[in-house]
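Every chain is numbered from 1 and lettered A, B, ... according to where its sequence line falls, protein lines coming before strand lines.
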Amino acid sequence: MKIVMAIIKPFKLDEVRDALTAIGVHGLTVTEVKGFGRQKGHTEIYRGAEYAVNFLPKLKIEVAVSSDQTDKVVDAIASAAKTGQIGDGKIFVFGIDRAVRIRTGETDAVAL
Amino acid sequence: MKIVMAIIKPFKLDEVRDALTAIGVHGLTVTEVKGFGRQKGHTEIYRGAEYAVNFLPKLKIEVAVSSDQTDKVVDAIASAAKTGQIGDGKIFVFGIDRAVRIRTGETDAVAL
Amino acid sequence: MKIVMAIIKPFKLDEVRDALTAIGVHGLTVTEVKGFGRQKGHTEIYRGAEYAVNFLPKLKIEVAVSSDQTDKVVDAIASAAKTGQIGDGKIFVFGIDRAVRIRTGETDAVAL
Amino acid sequence: MKLRHPFRASLAALALGVLAASPALADDPKFDSGDTAWMLTSTALVLLMTIPGLALFYGGMVRKKNVLATVMQSFAITCLVTVLWVVIGYSLAFTEGKPFFGDTLGAYVGGLSQIMLNGMGIGSVNPLAKTIPESVYMTYQMTFAIITPALICGAFADRMKFSALLWFMGLWSVLVYSPVAHWVWGPDGFLNDAGVLDYAGGTVVHINAGIAGLVCALVMGKRAGLGSENLAPHNLVLSLIGASLLWVGWFGFNAGSAVAANANAGMAMAATQIATAAAGLAWMFVEWMARGKPSVLGIISGAVAGLVAITPASGFVMPGGALAIGVAAGIGCYWSATTLKHMFGYDDSLDAFGVHGVGGIIGAILTGVFAREAVNPAVPANPATNTAAVAAKMGLLDGNAGQILTQCYGVACTLVYSAIATFVILKVIDLAIGLRVEKEVERDGLDLALHGEIVP
Amino acid sequence: MKLRHPFRASLAALALGVLAASPALADDPKFDSGDTAWMLTSTALVLLMTIPGLALFYGGMVRKKNVLATVMQSFAITCLVTVLWVVIGYSLAFTEGKPFFGDTLGAYVGGLSQIMLNGMGIGSVNPLAKTIPESVYMTYQMTFAIITPALICGAFADRMKFSALLWFMGLWSVLVYSPVAHWVWGPDGFLNDAGVLDYAGGTVVHINAGIAGLVCALVMGKRAGLGSENLAPHNLVLSLIGASLLWVGWFGFNAGSAVAANANAGMAMAATQIATAAAGLAWMFVEWMARGKPSVLGIISGAVAGLVAITPASGFVMPGGALAIGVAAGIGCYWSATTLKHMFGYDDSLDAFGVHGVGGIIGAILTGVFAREAVNPAVPANPATNTAAVAAKMGLLDGNAGQILTQCYGVACTLVYSAIATFVILKVIDLAIGLRVEKEVERDGLDLALHGEIVP
Amino acid sequence: MKLRHPFRASLAALALGVLAASPALADDPKFDSGDTAWMLTSTALVLLMTIPGLALFYGGMVRKKNVLATVMQSFAITCLVTVLWVVIGYSLAFTEGKPFFGDTLGAYVGGLSQIMLNGMGIGSVNPLAKTIPESVYMTYQMTFAIITPALICGAFADRMKFSALLWFMGLWSVLVYSPVAHWVWGPDGFLNDAGVLDYAGGTVVHINAGIAGLVCALVMGKRAGLGSENLAPHNLVLSLIGASLLWVGWFGFNAGSAVAANANAGMAMAATQIATAAAGLAWMFVEWMARGKPSVLGIISGAVAGLVAITPASGFVMPGGALAIGVAAGIGCYWSATTLKHMFGYDDSLDAFGVHGVGGIIGAILTGVFAREAVNPAVPANPATNTAAVAAKMGLLDGNAGQILTQCYGVACTLVYSAIATFVILKVIDLAIGLRVEKEVERDGLDLALHGEIVP
Ligand SMILES: Nc1ncnc2c1ncn2[C@@H]1O[C@H](COP(=O)(O)OP(=O)(O)O)[C@@H](O)[C@H]1O
Ligand SMILES: Nc1ncnc2c1ncn2[C@@H]1O[C@H](COP(=O)(O)OP(=O)(O)O)[C@@H](O)[C@H]1O
Ligand SMILES: Nc1ncnc2c1ncn2[C@@H]1O[C@H](COP(=O)(O)OP(=O)(O)O)[C@@H](O)[C@H]1O
């Protein structure tokens, strides 16, 4: 099993969720994060003091999937989250040893 | 070493923390997240417009533990976080290569 | 490739970011988290009711780096985030299988 | 002998058998300090309605990324209209038009004799408010001129350029608000002459703003994401503060329209309180039955609907009439905000038309039903209504069924003129500088793009 | 000749040597425009206390998941009590009861002669307030009837069903508030006759609401999680806004109770300001010494305690007395909210009893000490107190030690009746529909479950 | 024959031909109920400016970790200064000093005759306000004494110890505010005698607080992180609410300074409204041109600058003058807050000096230009100004160019005395207990460290 973790632009959440649902992924977890990268931030001005805001609001999506589904999930996210403009974000994939559904105690693939 | 990452219902935090303390785990990190899964969200109504809220508030708990403790920790979380109702959440386990305590520079098991 | 995940004190963010930039790391993702550990929380008092607040505000920083850069990054964070006082936080390192830049579809090292 | 209260002085003089007037008597010969005190207070109360009242009422209803832009609208309109009212608005609304514009045009708009508040001074009086200084009356009326355009903002929340907004509000204030105020309250206004009853501005303020809002919503189109994204209010605590301050401030709006601290003001205040409460409950219970839950947004929307509907009626009706108007407004506006809007598919985002337009119409017409001579016997509080039509019986309950038609006439004139003028102004601005923000700006939020600030 | 200002008119008439009075003179012969202006203003100020004042004071103290439900309570009570006051409350409180209910029952509650505000019109006057229109007095008293039940909400925060709340508040308003108001302020109220001094409602409003809150807390039980979870206030900025608006609005409450814009109102305002400040400082310094830190919640709680305690005394005491009452209230209420409550283990969540009950009792008793004839000489501002007992010396400082007992008598009657009646009403509602929300609702927050809305 | 309503009474008497006065007539012989109503209201309005107005204006501008500490400052100052004003402040400001302190010192500070409000009672009058009860005047002036030190807090936001703040504000209030108020408004104040025009406190309140703020900023040093960290306002919605309440409350401040509900109050209210709006627009447009975006913080800062600058001028100028003063203040304070501050490098964090100091100076000087005899003809509203200098022509526009110098003299005296006294008080406190919080406290936020509470 893998966790696919993606950093995306916030307004892309609904599209990504729909894309995942379309390929049969029915669970995911979303975290509000701030991203620092190539995308330039903005400047806020308060009474003459300028503040460069370099950390931009992003969403982190984590989806646990069985290993064979990984590519499909990565592709789905990659295409749904893409605007083609700088700052679209990243997808990272890493392996997990175990998964447990707390409610039932089921483990691994069936727990996802 | 492993990280045990659990998505739980928010009101279960104190119970989970207590269960972990009871088995000698004295550190953890908590993140507010939104979860999407089998558990149905609710509907909010504003002047006749209905909004289906599918992302539900959850907490993500991350605990770094030595490999031999993993099962105990997973079990402790699983039983403390359980209500038996849909939406109780998941536990994922993945390996980590290194751990460092910033304050002292200690590494690995002793850093946890 | 690795993800270096660090839990740090919030006011250390700018120093850590600068230290990373200095060694050529130009992307990272930050999450507001609450930490529970050795560092004692504080007590809030409201009309005679005392509440022990054990969860302290921390920041989680995630940086994806190529494997050979890992040590440099860990060291940079460790020294920038250090105050020497309890609660400075932890650094964890784990491997990732893939990385994708959503905007371009580039993968792995070049995607970071 | 220097005296502050020449009246008393002269009374004393008379009592003493001293017939020669004291020289100080010329000072402010006609002002009633109690009436003046109440009108100074009322002015503060009506200003409170717009800032921070309306700013918060609307600000809480938008998404967080637009809250600063939304509260900024009310604040900037307050500043802009204040200056315009000084420059020309007051003159266009509250002076006689015929001497300036001839008998035809002059029937529809005031003159230019008080441009830059020419002639307003320490001793001047507006004939419409004889017991208070003109400066007080001018400022009091200014606060009405301020809130009216600010109300419109609810219709196009989340999508108008700030520059376009300033142009629109400036032009609308001068070209729509002042003339319509003149029709109803001006010394030779034609709706005034026709006997239209509008105690505190149901027509001038609410119907006028409501229909303008509807035209804005139609011309500017829907918010991006409507129907697909969650556009839920980001903080109804702010909206509840706003609604509460609107309620409290409305005492200045309605009871202040007596332009005196007298029994008519008292009746207007009582009617306001009763109708508002009734409308709040009505909306709440209807929603509870229809949707299963009584919402905060519901009860505060209902209360505002009640405030709107009682506005034209406030100084004319008995408590029972106020109760009836409140219930009608609560139910009627619930229907317009939840059903009518979806039926026609326009995006009157925060229900400027749904509450102010529809509530205003309900109130205007029911004023024709419930207005009683007994409440406002010989001299109506608002001099605007001091006409032959009024001196006689008032509404249906007094046996004067025709008043309902008169009221409809007033409503219709306002709807037609305001709609057309609003449309023309919008189109001109759209051609010149564009009305709507870029798609990305709308998506990322107006706060950062237009004002360079955010609420984190 | 139609005239708005008959007085001036007749002056003019006299001046002109025209001796025949104009017929319009009969109009509103007795109203003082200054008094009326102040009472219109006071009404707005007292309404401001409840919405948004009290709504925010309480709303900031609960957890975020309950903030909308909490502010909704104040708003809905405002609507509900307004309508009930019109229908029957005003009549039960402020008309004579004996003609209707006989000499026994009639001594304890007003009559039904003004149901639906029967008889209130443009020229009517309530004998308790002879210089202002009855419509103003009725609405002013309405705002007192509104805030009293709203205060109770602090005792059962986070756990009452909204439907049960509406039933409870409606019944309580009619069955408890109106009678008790009648006892103290009514034309033939028995506590009034007994010489109880209650300038602005310490007994009627605060002790009454406070003890009702205590009974609610006892009957409904504790909040889930008390003692184990963190129930800390979610946003004390809201509470501070609320406390500030309570303070400002309280000028209408206390100085408005003079029912006139006169020196007695001025003394009441000064006393209010002084006692409030003293109590805020007292709570702050005691807490600072006892706990090591002066908290925002502490100073604002102290200020509210001071406002409560000075209420019965405000128009009767000198600045020194106000200072003493403030200090006593700050310390006493600190003790009740932090020690007494924990001693007995009831969960008076936001200290409705701890502040309003205890502060009210402190104020009522100290009024018997500090009330001075010199402040309220011949004609007490509040006609309720216009009795033989009052016309003579007032409190202990005037040498009338017995007044303290009289005050205790008033307190005791209110405590006993309000406690029993509240208990019965609660039990009936509990049997009929249940008082408390489900455990899951309490855990997940009232906002979503009861009202379908959240503050994200 | 003493009469409350001499008019009505004697009219009635005359009408009835009954010449014997009724016994109740003896009550409060000189008070005008309309004036009293307005001053009661004004007192509430000015209190509203500080709590919650100023508390929110400043609270929204700091970082979230300091919001409670910031709003606490305004609230605690309100409590503290209230008590000090009762104990000694009022006496030092508003009684004659020479009988107590001799002719030299006595010219610069009031006496001790009214310590503990000695002599204030139901029938007492302050000679500066003859138509209202002394209790009202005392409380009204108290609200000025409250807001002035609270304004200073903007200069040292985020870094002062709470204990040091209480000591500083207490001492400053007694040693700086009361004397300076005495100079300008006191019965034998030397700036009053010199003919300085200060209608509502531009010198006493704003320049005084502004320069004290500058000294605080210089003595205490910069906030940690200035220039490197993001110190952006955490919630400008709060600041906008605060600015709005300041605006509304300022009607009580300026129009209330007429100490009567008359035409001069009306002119002051109109001038206030106009200057504020003009200044808000001026700041907004200048910023829009200079920085590319009109910010919320900009327009509200501009409005406050306008309020400040019109304060000394409000009851003396025509609408055109108010407009000019507003524009000058908007531009001038924009420059001082964005350029001057950076030029000299002091950290006047929330621009207490930048807005109140600079705006106050602009207003004071322009009062010397735009003050017109026509607005405030024979009897100036503020008796302080009732001097020979005033009775004649007023400002430059009236041909009295010398008034500008007189104004500068008033400004200079205030600047010098306030700066030195503030410096001394600060140094003494710094030696005794230290002014500034520990580095860690500043880093982690004052809310938790000083008050044990947070807004999560
Ligand atoms: N090395 C990295 N480790 C973790 N997160 C990263 C890294 N680089 C970028 N990110 C995240 O991805 C977001 C987008 O990256 P950015 O460089 O701005 O644009 P792009 O995705 O187009 O390359 C950043 O805001 C940050 O949240
Ligand atoms: N595949 C997944 N990957 C990541 N998180 C998931 C996944 N499935 C579920 N979750 C998280 O677990 C939570 C609970 O899942 P849900 O399907 O609602 O109920 P249950 O845990 O009872 O199966 C979700 O809200 C989501 O946060
Ligand atoms: N075992 C753990 N797993 C995950 N996070 C941990 C763990 N132990 C500590 N942390 C995180 O590190 C932070 C600092 O830890 P703490 O024990 O307080 O101090 P120190 O870092 O000095 O040992 C905690 O607040 C928590 O967020």
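- Annotation: side chain of E/N264 is in contact with side chain of F/I122 (closest heavy-atom distance under 4.5 Å).
- In this structure, chain E has heavy atoms under 4.5 Å from both the backbone and the side chain of F/L47.
- F/I146 touches chain E through its side chain: at least one heavy atom from C-beta onward sits under 4.5 Å away, while N, CA, C and O do not.
- Between E/D32 and F/S33 the shortest heavy-atom distance is OD1-OG, 2.6 Å.
- When all heavy atoms of F/T82 and E/I274 are compared, the pair lying nearest together is CG2-CA, 4.0 Å.
- Looking at F/T36, both its backbone and its side chain come within 4.5 Å of chain E, counting heavy atoms on both sides.
- Under the side chain to side chain contact (heavy atoms under 4.5 Å, CB included) criterion, E/A303 pairs with E/W247, E/T276, F/F75, sequence neighbours left out.
- There is no contact between F/I241 and chain E, counting heavy-atom distances below 4.5 Å.
- Ranked by heavy-atom pairs shorter than 4.5 Å toward chain F, the options E/G60, E/G249, E/P294 are led by E/P294.
- F/T78 and E/A277 make their closest contact through O-CB, 4.5 Å (heavy atoms, listed as atom of the first residue, atom of the second, distance).
- The part of F/A55 that comes within reach of chain E is its side chain, from C-beta onward, which places non-hydrogen atoms under 4.5 angstrom from that chain.
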* Would you please test E/Q273 and F/V83 for side chain to side chain contact (heavy atoms under 4.5 Å, CB included) and show each step? => CA-CA 9 Å; E/Q273 178 72 13; F/V83 172; over 6 Å; no
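- Between E/G320 and F/M116, the shortest heavy-atom distance links the atoms CA-CE, 4.5 Å.
- Pairing each heavy atom of F/S135 with each of E/M267, the nearest pair is OG-N, 3.3 Å.
- Looking at F/S163, both its backbone and its side chain come within 4.5 Å of chain E, counting heavy atoms on both sides.
- Heavy atoms closer than 4.5 Å to chain F are found in the side chain of E/L323, but not in its backbone.
- Here the closest heavy-atom approach between residue F/A37 and residue E/A261 is recorded as N-CB, 3.7 Å.
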